[in-house]
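So the structure is just underneath, and the comments pick up after that.
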Amino acid sequence: MKYQRPKGTADILPGESEKWSYVEDTARLLFDDYQFHEIRTPLFENFEVFSRSAGDTSDVVTKEMYDFHDKGDRHIALRPEGTAGVVRAYVENKLYAPEQEKPYKVFYMGQMYRYERPQSGRMREFHQIGVEAFGSDSPAVDVEVMAMAMDFFKQLGVTNLKLAINSLGDKETRAAYHQALVDYLEPHMAELSEDSQARLHKNPLRVLDSKDKHDQEIVADAPSILDFLTPTAQNHLDSVTSMLTALAIPFEVDATMVRGLDYYNHTIFEIESQSPALGRGWTTICGGGRYNGLVEELGGPETPGFGFGIGMERLLLLLQDQDITAPIDNPLDVYVVGIGEATNVESLKLVQAIRGAGFSADRDYMDRKPKAQFKTADRRHARMTMTIGEQELTDQTVNVKNMATGDQTTVPLSEVYTDFAGMFDKYFDED
RNA sequence: GCGGUAUUGGUGAAGUGGUUAACACACUGGUUUGUGGAUCCAGCACGCGUGAGUUCGAUUCUCACAUACCGCCCCA
């Protein structure tokens with residue numbers, strides 16, 4: 001094979017693309033109910049947009065970014081996630097202006113890029129559906145957005161999901177906790193895994209997230225961030241949990257949960273599945289939270305924000321695993337069977353007339369035998385066939401067959417051309 | 001970035017250091033000069049991921065590379 005797609009990319013072919021559309025359509029419908037509106041931002045941004053927002057120590061920035069210098073020597077990066085670009089657009093278009101309603105609610109869907117080792121549900125080019133709500137500190141926003149995410153999965157029929165939440169608190173919380181955690185971990189320095197040792201000073205929160213068994217044992221007794229929340233942060237978390245309870249949305253608080261991107265604070269959450277399709281244990285299919293400093297970080301006024309991202313590839317694997325299929329239906333109303341090359345033009349006119357009447361139609365282009373054409377019509381689940389051969393051509397008629405019942409009649413071509421819909425109803429009354 | 005496994009036709013796959021690479025599905029044609037998930041028959045890899053090497057000879061052995069999958073890392 002001379003050419004193959006780049007590592008970690010996929011061709012989404014018909015058969016598969018319908019599922020994508022279904023998921024996207026479902027999202028659009030639901031997000032509209034919550035009055036989120038679509039925003040489309042560039043697939044690439046200046047490198048700094050991502051490095052500033054994600055945090056310079058994050059893996060996304062340090063090793064997963066698809067970046068390059070363009071012909072104008074601009075340092076460009078393909079977006080590794082959706083939030084940064086949206087925040088940049090929010091700032092650049094002055095959507096924080098007083099006349100804009102707050103919160104300013106948007107959603108996006110599209111491809112993201114991360115230079116990673118591909119695995120099931122992890123691609124270099126992958127897709128996310130995400131939402132962002134800017135301008136409100138209210139815990140109600142946190143809850144509503146999380147509720148919307150849960151609602152989305154419910155709409156799709158996905159079950160067995162777990163909503164885990166945590167609070168990263170505010171600046172003071174983090175500073176205090178950061179110190180406490182380092183104080184706790186440093187005596188164990190030698191016991192920690194290599195990775196965690198490296199993380200200890202760069203970003204100690206990440207040690208909490210270590211998958212290393214021994215690390216986990218050590219971490220188990222580490223101080224909890226929840227004990228360091230400032231009154232403000234505690235109030236915020238309390239409001240969130242009580243509202244989730246009021247909405248009867250089950251959740252659990254996971255004090256060790258952190259996020260891969262550094263811009264989060266206060267509420268963070270993940271929606272996880274333990275489908276074997278996604279590997280062992282719980283896998284995140286939706287992650288998000290509050291990012292109150294991010295807009296400022298990218299040059300805007302101090303503006304709170306809350307959002308999430310859903311991994312499309314993972315979601316689709318999950319749907320497949322749970323045998324959830326898209327209600328695919330692009331039914332074929334009429335298959336035109338043409339017998340002999342002489343009928344070619346008439347067949348063409350027929351399918352076009354039928355399509356013009358608002359029905360779907362297809363035909364054979366290979367001059368195949370009637371048997372083969374009927375076979376195709378059957379396989380395509382055509383509701384009706386219209387057969388035209390030499391005899392019909394001279395008579396200016398067409399043979400109409402109801403594929404479900406096998407009934408056949410002969411109809412003047414003129415009737416098809418002048419009133420296909422009427423003809424269809426008359427000869428093809430299905431009930 | 002580090003480990004492991006894999007790579008045969010449109011698809012699922014069997015297989016061997018040596019003249020013709022099983023079988024099944026799909027597809028096409030015939031059995032039925034113009035009617036549909038059946039039967040039977042036939043056709044369908046100038047080639048066994050790419051490149052190099054070993055060998056008298058490689059799809060089968062070795063190496064490199066590519067890709068996929070799994071684990072680590074990390075994450076959606």
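No hydrogens, no waters, no symmetry mates; every other heavy atom, side chains included, goes into these values. A note on names: the letters A, B, ... follow the listed sequences, proteins ahead of strands, and every chain is numbered from 1.
The ring-ring contact (aromatic ring centres under 6.0 Å, His included) search around A:Tyr264 returns none, not counting sequence neighbours.
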Name the pairs: protein N/O against N/O of nucleotides 63-66 of chain B, kept only if under 3.5 Å.
| from | atom 1 | to | atom 2 | distance (Å) |
| --- | --- | --- | --- | --- |
| B:A66 | O2' | A:Gln4 | NE2 | 3.1 |

Can you check nucleotides 25-27 of chain B for protein contacts, nitrogen or oxygen pairs under 3.5 Å, and list what you find?
| from | atom 1 | to | atom 2 | distance (Å) |
| --- | --- | --- | --- | --- |
| B:C27 | OP1 | A:Arg379 | NE | 3.3 |

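The salt bridge (charged side-chain N to carboxylate O under 4.0 Å, His left out) contacts involving residues 119-131 of chain A comprise A:Glu116-A:Arg122, where partners must be two or more places apart or lie in separate chains.
The nearest whole Å value for the distance from the CG atom in A:Asp367 to the C1' atom in B:G34 is 12 Å. One atom, CZ of A:Arg117, and another, C1' of B:A76, lie 19 Å apart when rounded to the nearest Å. Atoms CD (A:Gln373) and P (B:U28) sit 11 Å apart, rounded to a whole Å.
Of the N and O atoms on the side chains of A:Asp67 and A:His75, at least one donor lies less than 3.5 Å from an acceptor on the other residue.
Contacts with RNA chain B (heavy atom under 4.0 Å) in residues 150-163 of chain A: none are found.
Straight-line distance between the P atoms of B:U8 and B:U55: roughly 29 Å, to the nearest whole Å.
Within the structure, every side-chain polar atom (N or O) of A:Lys369 is placed at least 4.0 Å from both OP1 and OP2 of B:G29.
Where pairing requires Watson-Crick or G-U contacts shorter than 3.5 Å, the helical stems of RNA chain B with at least three consecutive pairs are B:1-7 with B:66-72, B:10-12 with B:23-25, B:27-30 with B:40-43, B:49-53 with B:61-65.
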